[in-house]
Amino acid sequence: MTRTTRALIFGAGGQVARDLIPMLVERGMQPILADRLPPEETEGGRALSLYAEARNLPDWRSWWRVLDGMDEPGVRDLIEEIEPDVTYHLAALLSARCEENAGLCWRVNMTLFTNVLEALRSLASGDRRPKMIWPSSIAAFGPLPSSSHHYDAQNEYPRLPTTMYGVTKVASETLGTYYAEKHGVDFRSVRLPGLLNDAEPGGGSSDYANQMYFDAVGGHEPRPCFVGPEARIPFMYMQDAVRALIELAASEESKLTRRVYNIKAFSAPSAEEIEHSIARQVPGFEVRYEPDQRQDYVDSWPDDFDDRPALHDWGWQPEVNSMDQLTRRLLEDLRAKRSDLSLDPSPAA
Ligand code: AKB
């Protein structure tokens, strides 16, 4: 009898896991979920409980382990117990939070990463190559020497970030690639743009776009946008991003020509273009711009990504490939969420 594929997720309560877990379940996999908080205290856990209720999955709670990824023996014991077919490591501090405390950022992001990598290494032997999927970011790149022209980052463009978060991304990409070559861990990664779904993000510099969508469906005072109207980075619908993680995990290792791939969905919109796209769906929607230091982090990232290696090696294709399509999907998701939580789905005035 073949065993159900076991997918272990660290950071199960976070913004990415919120969409990854249902997609894994729908593809017949058994998720095992680790987070430092219990499900009811996390965005992902609360969404999972609604999802499980709607699909009659009463044992979902037994999938959840409260475990801090900083606890090295705890991570090793869990990995040895589960022997996952694939491990998704999603726990990290995001860019704006990292910039507030660079030392903490390095300690947390690198310790979480190395704890998972080392524990998987202990399972590697001969043909057994434990699989680790980890999201890198657009933030692995730094500013162009001259800011006067369009910045399209090729997959192997020099990675010289000027944010601490980006430093941990480059270090982890390099370490994961090294462990794949030397220590039998089948490490795979995608560099993701800003991600949008119905989970409130926290601590990221791309969060200004998420905030606009949350504000557009109402329920609280609209917040000022913390970057100026011209700030521009690529964005992606979260369901496309998690599908990319799953498809990269499912690809044959022999087809992969590298360990880390850029992926993108459509041309990067400016903050003002996002505002206008929302206003086409929510008449009267307007944004007040009050840029702060997070604008600098966003400005240091590319306007565009060359994702041809991902397309060539494992067939990457986004489903949501225009700004207005993304806006429609996201507003629908957010309104459905508000009605699931029995909140009045009133548009912004
Ligand atoms: C952040 O803003 O820190 C993240 C990212 C772009 O990786 N969303």
Side-chain angles (χ1 to χ4, degrees), residues 11 13-20 43-44 88-102 104-106 108-110 112-113 133-143 151 153 157 159-173 176 189-214 223 225-228 231-242 244-245 260-266 268-271 274 291-305 307 318 326 330:
Q15 193 204 359
V16 178
R18 187 251 169 279
D19 283 20
L20 176 66
E43 178 86 43
Y88 293 89
H89 169 42
L90 308 175
L93 297 179
L94 295 182
S95 56
R97 179 89 180 79
C98 279
E99 226 48 39
E100 284 164 11
N101 188 336
L104 182 74
C105 171
W106 177 263
V108 171
N109 286 3
M110 297 312 297
L112 293 171
F113 187 84
I133 307 296
W134 172 78
S136 186
S137 163
I138 187 170
F141 295 103
Y151 179 2
Y157 192 85
R159 268 136 285 145
L160 298 167
T162 50
T163 61
M164 191 61 202
Y165 175 68
V167 170
T168 65
K169 289 295 182 193
V170 176
S172 303
E173 287 184 4
S189 177
V190 282
R191 290 192 197 105
L192 294 165
L195 298 176
L196 293 159
N197 68 353
D198 66 9
E200 275 277 7
S205 308
S206 61
D207 295 2
Y208 64 90
N210 310 62
Q211 281 184 12
M212 283 192 213
Y213 286 95
F214 273 82
R223 293 159 283 192
C225 178
F226 59 74
V227 298
R232 186 186 295 278
I233 53 165
F235 281 93
M236 183 181 283
Y237 189 47
M238 182 67 85
Q239 299 222 357
D240 272 334
V242 299
L245 297 175
V260 187
Y261 289 88
N262 288 353
I263 60 167
K264 71 168 180 189
F266 50 88
S270 66
I274 300 176
D292 64 25
Q293 72 287 356
R294 288 171 282 185
Q295 164 104 45
D296 295 342
Y297 318 149
V298 169
D299 285 346
S300 74
W301 299 336
D303 305 344
D304 204 353
F305 251 6
D307 61 356
L326 192 152
L330 208 48

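Atoms within a ligand are numbered from 1 in the order they appear, just like the ligands themselves. In this text, all values refer to a predicted model and were calculated from it rather than measured experimentally.
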Check ligand 1 against W301 and write out every atom of the ligand that is under 4.0 Å from a heavy-atom position of the residue.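 Heavy-atom distances to W301 below 4.0 Å select 2 (O), 6 (C).
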
Using a 4.0 Å cut-off to any heavy atom of G204, which atoms of ligand 1 qualify?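 Listed by number with element: 1 (C), 2 (O), 3 (O).
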
Is a side-chain donor-acceptor pair under 3.5 Å present for S95 with T163?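 No pair is found: no donor N or O on one side chain lies under 3.5 Å from an acceptor on the other.
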
For N197 and Q239, does a side-chain donor sit closer than 3.5 Å to a side-chain acceptor?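 Their side chains do not contain a donor-acceptor pair, so the 3.5 Å distance test is not met.
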
Atom 5 (C) of ligand 1: the protein heavy-atom neighbour that sits closest, reported with distance to 0.1 Å: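 Looking only at protein heavy atoms, the one closest to atom 5 (C) of ligand 1 is S137 OG, 3.5 Å.
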
So which protein heavy atom does atom 2 (O) of ligand 1 come closest to, and at what separation?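 In this structure, atom 2 (O) of ligand 1 has S205 N, 2.7 Å as its nearest protein heavy atom.
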
If we only count N/O pairs under 3.5 Å, is S95 in contact with ligand 1?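 Between S95 and ligand 1, an N or O pair is found under 3.5 Å apart.
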
Pairs of nitrogen or oxygen atoms closer than 3.5 Å, one from Y165 and one from ligand 1: do any exist?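 It does: an N or O of Y165 is found under 3.5 Å from an N or O of ligand 1.
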
Please state which part of I138 comes within less than 4.0 Å of ligand 1, counting heavy atoms only: side chain, backbone, both or neither.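 It is the side chain that gets close, since no backbone atom is under 4.0 Å.
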
Part of S206 within contact of ligand 1 (heavy atoms, under 4.0 Å):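 S206 to ligand 1: contacts from backbone and side chain alike.
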
Are the aromatic rings of W301 and F141 close, with centres under 6.0 Å apart?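 Centroid separation for W301 and F141: 6.0 Å or greater.
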
Out of curiosity, L330 CG to I274 CD1, how far, rounded to the nearest 0.5 Å?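 Those atoms lie 10.5 Å apart.
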
Would you compute the distance between atom CH2 of W106 and atom CG of L93 and round it to the nearest 0.5 angstrom?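 Rounded to the nearest 0.5 Å, the CH2-CG separation comes to 13.5 Å.
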
Parallel, tilted or perpendicular: which describes the rings of H89 and F113, with under 30° parallel and over 60° perpendicular?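 Rings of H89 and F113: tilted, as their planes differ by 30° to 60°.
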
